[in-house]
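Okay, so here's the structure we're looking at.
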Number of protein chains: 2
Amino acid sequence: MTNGKKSPMTRIQQKNRQLILDGALGVFAGNGFRGATIDQIAQAAGLSKPNVLYYFRSKDEIHKTLLTRLLDMWLAPLSRFDPDGDPLEEVLTYVRAKLHMSRDYPRESRLFANEILQGAPHLTEVLEEDLKTIVDRAVVVIAAWMDQGRLAQVAPHHLIFSIWSMTQHYADFDVQVRAVLGPGHDPFDEAEQFLDQLYRKMLAV
Amino acid sequence: MTNGKKSPMTRIQQKNRQLILDGALGVFAGNGFRGATIDQIAQAAGLSKPNVLYYFRSKDEIHKTLLTRLLDMWLAPLSRFDPDGDPLEEVLTYVRAKLHMSRDYPRESRLFANEILQGAPHLTEVLEEDLKTIVDRAVVVIAAWMDQGRLAQVAPHHLIFSIWSMTQHYADFDVQVRAVLGPGHDPFDEAEQFLDQLYRKMLAV
DNA sequence: CGTGACCCTGACCAATTGGTCAATAATTTC
DNA sequence: GAAATTATTGACCAATTGGTCAGGGTCACG
């Protein structure tokens with residue numbers, strides 16, 4: 001249980017670590033790191049508290065593991081820009097992918113939001129290295145499209161920020177969105193149309 | 001000290017309650033409700049813990065007071081749409097106002113974000129009544145502009161969501177924005193240009 | 001079927017935390 | 001300037017929380 005990967009983990013380890021991470025995801029997402037208790041995590045996972053601490057050395061380790069796993073999934077779509085594809089469609093595909101992630105993985109989105117909100121104490125390096133690198137690469141591709149006159153000229157970094165903020169908004173601020181819309185709305189469905197419209201207009205040459 | 005407003009508060013009460021609220025704002029914004037401790041608040045305010053609890057009955061009361069005050073300021077700009085003004089300029093003014101609030105009151109933005117992220121336990125009614133009412137009023141004005149052909153047709157609710165999410169993003173995700181941009185950037189300055197461009201293109205008829 | 005490795009838990013601990021209170025100090029008021 | 005009111009605090013408490021540990025149960029495997 002000390003090592004993260006070596007000697008391929010027993011069936012039980014595999015199952016219980018997964019239960020814990022899954023339970024912890026909800027608890028951390030809903031209460032923040034300091035607000036989450038190991039007891040809550042244990043209960044969410046259907047295990048006893050000492051048993052949780054048998055699989056993870058500490059609350060921090062659970063959190064760190066969760067964050068690390070999350071980051072890969074979270075950033076992957078940004079690497080998929082194809083310089084040879086149709087620029088507008090490439091961007092719209094990314095927008096849709098991010099929106100679907102908000103819809104299908106709201107807990108992950110909130111976990112991430114919580115972490116950044118608190119100043120990203122466990123993420124600053126990752127942010128300044130990995131994330132910056134990935135974004136910079138995407139920015140180069142987008143800037144090239146703009147220079148070729150295949151996309152309207154806007155600040156590429158802020159284009160990306162706009163996509164992140166608007167798509168994640170529907171996961172992170174879900175209660176607010178639903179409260180304002182009232183019943184009888186499918187926020188994500190409407191958002192998809194709206195964002196499609198928005199980016200077509202903004203990026204058309 | 002029990003009543004919130006009656007018998008106009010001594011000079012000392014006025015001063016110390018303000019100190020506490022100001023300290024608490026930073027602590028709650030940076031740690032979430034459960035993550036904040038009265039000790040931290042006391043220290044931030046330069047008072048002893050029992051003294052803090054002399055002016056506010058509990059941690060909850062401090063938080064509630066903060067949230068109530070915040071909400072007024074936060075929602076005010078949305079009520080300022082002038083049906084007789086120039087539609088595009090009205091919207092752009094609102095965008096600018098919200099962005100400046102993010103820049104000048106980031107703690108307030110984060111406090112609010114924290115609360116919504118955790119499911120708005122203390123705000124659900126306010127959200128479903130006050131907020132919804134204010135938004136609905138703004139939506140009527142915007143929809144009228146669109147019907148008159150003075151603004152492009154887009155879903156008004158989601159137009160408002162887009163403004164909220166993009167402007168608040170620069171306060172709430174500040175560390176991420178700065179990490180990605182690297183040094184030598186003024187996020188808010190660039191954002192103002194970007195958003196101006198974005199909404200002009202999207203809303204032009 | 002035995003033995004060693006793995007799995008699980010009740011009981012416990014020290015630190016933190018929200019909150020109380022009696023006693024004391026500072027201010028206001030007359 | 002003394003009484004009444006308001007402000008402040010050290011000491012304290014009960015509950016919660018992250019984490020430990022000894023001991024007992026269970027499983028894989030020869």
Side-chain angles (χ1 to χ4, degrees), chain A residues 1-28 30-67 114 118 121-122, chain B residues 1-28 30-67 114 118 121-122:
Chain A
M1 56 307 205
T2 287
N3 53 7
K5 354 232 91 162
K6 205 165 59 180
S7 65
M9 277 209 265
T10 69
R11 166 181 61 87
I12 298 182
Q13 274 165 23
Q14 202 119 24
K15 186 193 67 173
N16 282 351
R17 282 180 66 98
Q18 194 47 52
L19 280 176
I20 293 168
L21 289 175
D22 202 58
L25 177 56
V27 176
F28 281 132
N31 300 91
F33 178 75
R34 293 214 45 193
T37 73
I38 302 186
D39 269 308
Q40 287 175 301
I41 295 172
Q43 194 170 1
L47 301 173
S48 69
K49 182 169 76 159
N51 205 12
V52 168
L53 288 165
Y54 172 73
Y55 289 103
F56 291 89
R57 258 203 283 263
S58 66
K59 188 174 143 182
D60 278 271
E61 198 183 297
I62 303 177
H63 191 246
K64 211 181 82 186
T65 305
L66 227 33
L67 231 38
N114 257 306
Q118 324 273 307
H122 307 14
Chain B
M1 58 306 209
T2 287
N3 55 6
K5 355 232 87 162
K6 205 165 59 182
S7 64
M9 276 210 265
T10 69
R11 165 182 63 88
I12 298 182
Q13 275 165 22
Q14 202 120 22
K15 185 193 70 174
N16 282 350
R17 282 180 66 99
Q18 195 46 52
L19 281 176
I20 292 168
L21 289 175
D22 201 60
L25 178 56
V27 176
F28 281 132
N31 301 90
F33 179 75
R34 294 213 46 193
T37 73
I38 303 186
D39 269 309
Q40 288 175 300
I41 295 172
Q43 196 171 0
L47 302 173
S48 69
K49 183 169 75 159
N51 206 10
V52 167
L53 288 164
Y54 173 72
Y55 289 103
F56 291 89
R57 258 203 282 264
S58 65
K59 188 174 143 182
D60 278 271
E61 199 184 295
I62 303 177
H63 191 246
K64 211 181 83 188
T65 304
L66 227 34
L67 231 37
N114 257 307
Q118 326 272 306
H122 307 14

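Below, read A as the first sequence line, B as the second, and so on, with proteins coming before strands; counting in each chain starts at 1. Heavy atoms only: backbone and side chains are in, while hydrogens, waters and symmetry mates are out.
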Please state whether the phosphate of [N], meaning OP1 or OP2, lies under 4.0 angstrom from any side-chain nitrogen or oxygen of [X].
{"X": "Y54(B)", "N": "dA7(D)", "result": "yes"}
{"X": "Q13(B)", "N": "dA7(D)", "result": "yes"}
{"X": "S48(B)", "N": "dT8(D)", "result": "no"}
{"X": "N16(B)", "N": "dT8(D)", "result": "yes"}

[X] side, atom [atom1]; [Y] side, atom [atom2] - distance, nearest 0.5 Å:
{"X": "I20(B)", "Y": "K15(B)", "atom1": "CD1", "atom2": "NZ", "answer": "10.5 Å"}
{"X": "I41(A)", "Y": "K49(A)", "atom1": "CD1", "atom2": "NZ", "answer": "11.0 Å"}
{"X": "I38(B)", "Y": "L53(B)", "atom1": "CD1", "atom2": "CG", "answer": "4.5 Å"}
{"X": "N114(A)", "Y": "N114(B)", "atom1": "CG", "atom2": "CG", "answer": "6.5 Å"}

Within the supplied structure, the quantity of interest is the number of heavy atoms (other residues, nucleotides, ligands) at a distance under 6.0 Å from Q40(B) CD; does it exceed 12?
yes

Hits for salt bridge (Lys or Arg N to Asp or Glu O under 4.0 Å) against D22(B), two or more places apart or cross-chain, chain-then-number order -> R107(B)

Going 5' to 3' on DNA chain C, which nucleotide is the first and which the last to come under 4.0 Å of a heavy atom in chain A?
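On DNA chain C, the outermost contacted nucleotides are dC6(C) to dT17(C).
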
Only counting residues at least two apart or in another chain, list the ones meeting side chain to side chain contact (heavy atoms under 4.5 Å, CB included) with L67(B).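 H63(B), L70(B), L111(B), E115(B), H122(B), L123(B).
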
* To do: Identify the heavy atoms of A44(A) and G23(A) that sit nearest to each other, and give their distance.
  =>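 For A44(A) and G23(A), the tightest heavy-atom pair comes out as CB-CA, 3.8 Å.
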
Pairwise 5' ranking along DNA chain D for K49(B) and S58(A), keeping only the more 5' one:
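The residue whose closest nucleotide sits nearer the 5' end is K49(B).
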
- request: Would you mind reporting whether F28(B) and I62(B) have side-chain heavy atoms less than 4.5 Å apart?
  value: yes

*asked:* Between R34(A) and Q118(A), is there a side-chain heavy-atom distance shorter than 4.5 Å?
replied: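 No, their side chains stay 4.5 Å or more apart.
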
Give each protein N/O atom lying under 3.5 Å from an N/O atom of nucleotides 21-30 of chain D, with the pair distance.
residue	atom	partner	partner atom	Å
dA28(D)	OP1	R11(A)	NH2	3.0

When rounded to whole Å, the CG to P distance for the pair L47(B) and dT9(D) reads 7 Å

The answer to which of N51(A) and R34(A) contacts DNA chain C further toward the 5' end, by nearest nucleotide, is N51(A)

What residues 37-46 of chain A contributes to the DNA chain C interface at heavy-atom separation below 4.0 Å is none

Of all residues at least two apart in sequence or in a different chain, which pass the side chain to side chain donor-acceptor pair (under 3.5 Å) check with N16(B)?
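So N16(B) forms a side chain to side chain donor-acceptor pair (under 3.5 Å) with Y55(B).
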
